[in-house]
Amino acid sequence: MKKSLLPIILLVLGFGFWRSSDFQEIAAGVAIFLFGMLMLEDGFKLFSGGFLETVLEKATGSVTKSMGFGILTTTIMQSSSLVSVITISFLSAGLISLIAGVGIIFGANIGTTTGAWLVAGFGLKVNIASYALPMLAVAIVLVFQKNKYLRGAGMVLAGLGFLFLGIHHMKEGFESFKDQFDLTRFAMTGLLGLLVYTLVGAAATVVMQSSHATMTLIITALAAGQISYENALALAIGANIGTTITAIIGSFTANYQGKRLALAHLIFNVVTAGVALLFIRPIRQSVDYISAGVGIPDTDFALKLAVFHTIFNTLGVVLMLPLLNRLIEFLERAVTPPDEDLSQPKYLSEAVDEFPKTVETAMRREVKHLYDNAVELILHGLNLHRDEVFASKDIAATVRSNRKSVELDIDERYEARIKTLYSAIVEFATRIGSKDMPADVMDDIYSLRDVAGRIVRAVKAVKHLRRNVNRYTVRRHGAATDLYDQLRTEIARILVEIRQLDLADPDERSSLWLDQERMQVETDEREANTRIEALIRQRELNASVATSFLNDSSYAYSAMRDLLGAARAYYIEREDAMAEVEHILALDDDELMAIVRDAIKDKHKDIAQ
């Protein structure tokens with residue numbers, strides 16, 4: 001659509017430039033205004049990773065809180081489009097619920113009315129350019145600072161400066177333009193005028209992708225007498241419909257939840273516009289009544305338009321709120337989740353790329369998705385079943401009772417369920433690394449990528465075990481079966497312990513048990529080697545089987561170390577005092593190996609005595 005509109009837009013601009021220099025000032029004003037909107041959005045994005053995301057996460061407690069967040073943020077940022085994109089991003093990452101997202105959209109529609117009040121009540125009453133120039137001068141100093149928050153403040157200030165400058169040029173352009181060309185000749189009355197100008201307002205907003213820019217253009221043209229009040233009302237209604245285009249475009253790269261929110265945005269704005277068109281006469285009467293009550297002159301059509309904009313957006317929310325649950329039910333039926341494909345990423349999409357909180361959360365959840373796939377594959381590779389193992393009170397007994405081979409093409413399952421997800425995780429980390437993300441966020445992203453790598457190595461190790469597990473555990477092979485059962489038991493036990501860690505309250509998770517498990521793994525591996533030597537001497541195990549088992553045990557214990565390392569990096573937090581104590585108490589590898597060697601020596605001494 002953009003490509004097809006481009007030549008038309010360029011032709012219109014070229015014709016306008018040729019016919020009138022004042023049209024050039026209007027067009028430049030719109031361009032400056034839109035540039036200011038872009039700078040404002042980019043500036044607020046530099047503040048992401050902090051206050052904005054924290055507030056958004058807490059805005060999910062109720063619909064009222066969600067609406068309050070939408071009103072507040074849209075008022076501050078003067079961009080319902082940016083709020084919509086942020087909301088879709090958080091919804092796609094699973095940080096907020098669909099009903100909270102819809103509440104934010106409702107609030108954003110009310111918040112966007114403040115822009116009309118700003119332009120009509122301030123921008124047209126004073127020499128707004130006198131405020132813009134000092135703001136731009138200060139902003140440029142801040143933009144060149146290294147601190148991202150100072151740069152963000154500079155871009156926000158510059159954005160506001162360009163907004164003011166754009167409003168000034170639009171106002172001046174329309175004032176001069178009316179002397180050369182009277183646009184009121186194209187005014188249309190009645191139902192046809194309502195419909196035509198509603199479509200014009202929607203089209204203008206689709207082109208500019210900013211209802212705020214469209215409203216500013218409408219108000220400045222109305223103040224200059226270039227459009228009629230009746231047509232301005234229809235243009236404002238159309239702008240409300242056109243603003244949904246940004247959310248719709250943003251949903252293209254989002255998951256099904258993001259698409260649901262974009263549909264909710266479209267339904268809400270179209271219904272609101274329909275009600276406003278249907279009841280345009282009583283709403284106009286309400287505008288006249290309220291305007292007279294607050295002292296707005298009957299001829300100040302710009303402020304009356306701001307009153308109208310506020311009334312019909314608020315009316316839409318009042319009408320839709322009682323139907324919110326039905327709307328959610330409709331959205332869930334209309335946009336169904338895709339059939340679950342465990343081989344495809346669930347959370348990594350371009351919709352979550354822009355904000356540190358959504359990036360980190362999406363990455364964390366995708367790594368958990370990879371781990372869940374890996375657990376199933378590891379246990380099936382050992383001829384065990386996840387439900388049985390996790391429900392077992394005696395893992396060793398459960399392992400001994402499982403003598404049936406699980407039908408499994410482990411190489412094919414690895415390619416489909418593990419490798420594809422790991423590739424997506426690595427690609428996502430690389431893509432995010434090219435963006436301007438906070439250093440601590442990138443540290444977490446790379447740490448999670450390394451966790452994924454450990455999980456993949458654990459699965460590969462079990463792939464090596466698979467053949468001999470089938471060979472020696474489906475039917476009894478004396479001591480060899482006992483040895484392989486022990487490996488299966490130890491891996492299963494670690495997976496159970498990691499699951500308990502996952503289910504535990506984050507504040508109660510401790511890294512100390514991980515050190516104990518690491519110690520146990522090292523001790524078990526050394527004792528396994530000692531046991532093999534004893535079994536060979538006792539002629540209970542031949543050298544060929546012993547060699548195979550030693551190779552397999554190396555893979556098994558390597559898998560255990562990777563699983564424990566992944567659990568430490570994924571689950572253990574180190575932000576409070578207790579974590580600092582645990583950091584001091586935690587053992588490094590050399591200390592761990594020394595303790596293991598001493599423990600084995602002591603045990604051998606006890607046996608000798």
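Here, residue 1 is the first one in the sequence, and each next residue gets the next number.
Using a distance-only test at 3.5 Å, with no hydrogens or angles considered, no donor-acceptor pair links the side chain of N468 to the main chain of R471. No side-chain donor-acceptor contact under 3.5 Å links Y422 to the backbone of L370. At least one donor-acceptor pair closer than 3.5 Å links the side chain of E366 to the backbone N or O of Y347. Between the side chain of S447 and the backbone N or O of D443 there is no donor-acceptor pair closer than 3.5 Å. Distance alone, capped at 3.5 Å, places no donor-acceptor pair between the R151 side chain and the V143 backbone. The backbone N or O of V359 sits nowhere less than 3.5 Å from a side-chain atom of R364 that would complete a donor-acceptor pair.
Evaluation of the salt bridge (charged side-chain N to carboxylate O under 4.0 Å, His left out) test over residues 481-495, restricted to residues two or more places apart or in two chains, returns R403-D485, R476-D482, D485-R488, R493-E517.
By the 4.5 Å heavy-atom criterion applied to side chains, Y256 and L261 are not counted as neighbours. Residues I99 and L324 meet the side-chain proximity criterion, which asks for heavy atoms closer than 4.5 Å. Looking only at side-chain heavy atoms (C-beta outward), V102 and I105 stay at 4.5 Å or farther from each other. Contact check for Y555 versus V462: no side-chain heavy atoms found under the 4.5 Å cut-off. The side-chain heavy atoms of H385 and H380, taken from C-beta on, include a pair separated by under 4.5 Å. You'll find the side chain of R499 stays beyond 4.5 Å of the side chain of V496, heavy atoms only. Within the 4.5 Å cutoff, side-chain heavy atoms of S405 are placed close to those of R466. Within the 4.5 Å cutoff, the side chain of V441 has no heavy atoms near those of the I432 side chain.
Atoms CD1 and OG1, from I445 and T430 in turn, are 11.0 Å apart once rounded to the nearest 0.5 Å. Residue E332 holds its CD atom at 5.0 Å from CZ of R260, rounded to the nearest 0.5 Å. Expressed to the nearest 0.5 Å, how far CG of D505 lies from CG of L503 amounts to 11.5 Å. Distance CD/E329 to CG/L327: 9.5 Å, rounded to 0.5 Å. The distance from the CD atom of E376 to the CD1 atom of I418 is 9.0 Å, given to the nearest 0.5 Å. Distance check, rounded to the nearest 0.5 Å: CZ of R400 to OG1 of T489 gives 7.0 Å.
Applying the side chain to side chain donor-acceptor pair (under 3.5 Å) rule to E388 yields the partners N402; only residues at least two apart in sequence or on another chain are considered. When the salt bridge (Lys or Arg N to Asp or Glu O under 4.0 Å) test is applied to R431, the partners found at least two apart in sequence or on another chain are D353, E427. Residues satisfying the ring pair (Phe, Tyr, Trp, His ring centres under 6.0 Å) criterion with F106, sequence neighbours excluded, are F268. Remark: R454 engages no residue in a side chain to side chain donor-acceptor pair (under 3.5 Å) (not counting sequence neighbours). Evaluation of the salt bridge (Lys or Arg N to Asp or Glu O under 4.0 Å) rule for K419 yields E415 as partners, not counting sequence neighbours. The side chain to side chain donor-acceptor pair (under 3.5 Å) test applied to T398 returns S392, not counting sequence neighbours. By the ring pair (Phe, Tyr, Trp, His ring centres under 6.0 Å) test, Y484 is found to be paired with Y472, F549, residues two or more places apart in sequence or in another chain being considered. Under the side chain to side chain donor-acceptor pair (under 3.5 Å) criterion, R449 pairs with no residue at all, not counting sequence neighbours. Taking K368 as the reference, D372, D502 meet the salt bridge (Lys or Arg N to Asp or Glu O under 4.0 Å) condition, with sequence neighbours excluded. Evaluation of the side-chain contact (heavy atoms from CB on, under 4.5 Å) rule for N551 yields T547 as partners, not counting sequence neighbours. Under the side-chain contact (heavy atoms from CB on, under 4.5 Å) criterion, E412 pairs with D409, A416, sequence neighbours left out.
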V474 vs K404, side chain to side chain contact (heavy atoms under 4.5 Å, CB included): CA-CA, chis, key distance, verdict: CA-CA 6 Å; V474 173; K404 186 176 180 181; over 6 Å; no
CA sep, side-chain torsions, deciding dist, call: L382, T473, side chain to side chain contact (heavy atoms under 4.5 Å, CB included): CA-CA 9 Å; L382 300 175; T473 65; over 6 Å; no
Hey, mind stepping through I491 and Y557 against side chain to side chain contact (heavy atoms under 4.5 Å, CB included) and telling me if it holds? CA-CA 8 Å; I491 294 174; Y557 289 113; over 6 Å; no
Apply side chain to side chain contact (heavy atoms under 4.5 Å, CB included) to residues L483 and V545 and explain how you reach the verdict. CA-CA 11 Å; L483 289 170; V545 174; over 6 Å; no
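Nearest approach of V521 to R561, heavy atoms of both residues: CG1-CG, 4.2 Å. For the pair L142 and G154, the tightest heavy-atom approach, listed with the atom from each and the gap, is CB-CA, 3.5 Å. Summarising the geometry of D552 relative to H464, their closest heavy-atom pair is OD1-O, 4.0 Å, with the distance given to 0.1 Å. R457 and D562 get closest at one heavy-atom pair: NH2-OD1, 3.2 Å. In terms of heavy atoms, A546 sits closest to I532 at CB-CG2, 3.8 Å. The shortest non-hydrogen separation linking I378 to A458 is CD1-CB, 4.4 Å.
Few gaps surround CG on D394; more than 12 heavy atoms of other groups in view lie less than 6.0 Å from it.
Side-chain polar atoms of Q520 and D524 form a donor-acceptor pair below 3.5 angstrom.
Taking the ring centre of Y414 as origin, the terminal cationic atom of K460 falls outside the region bounded by 6.0 Å and 45° from the ring axis.
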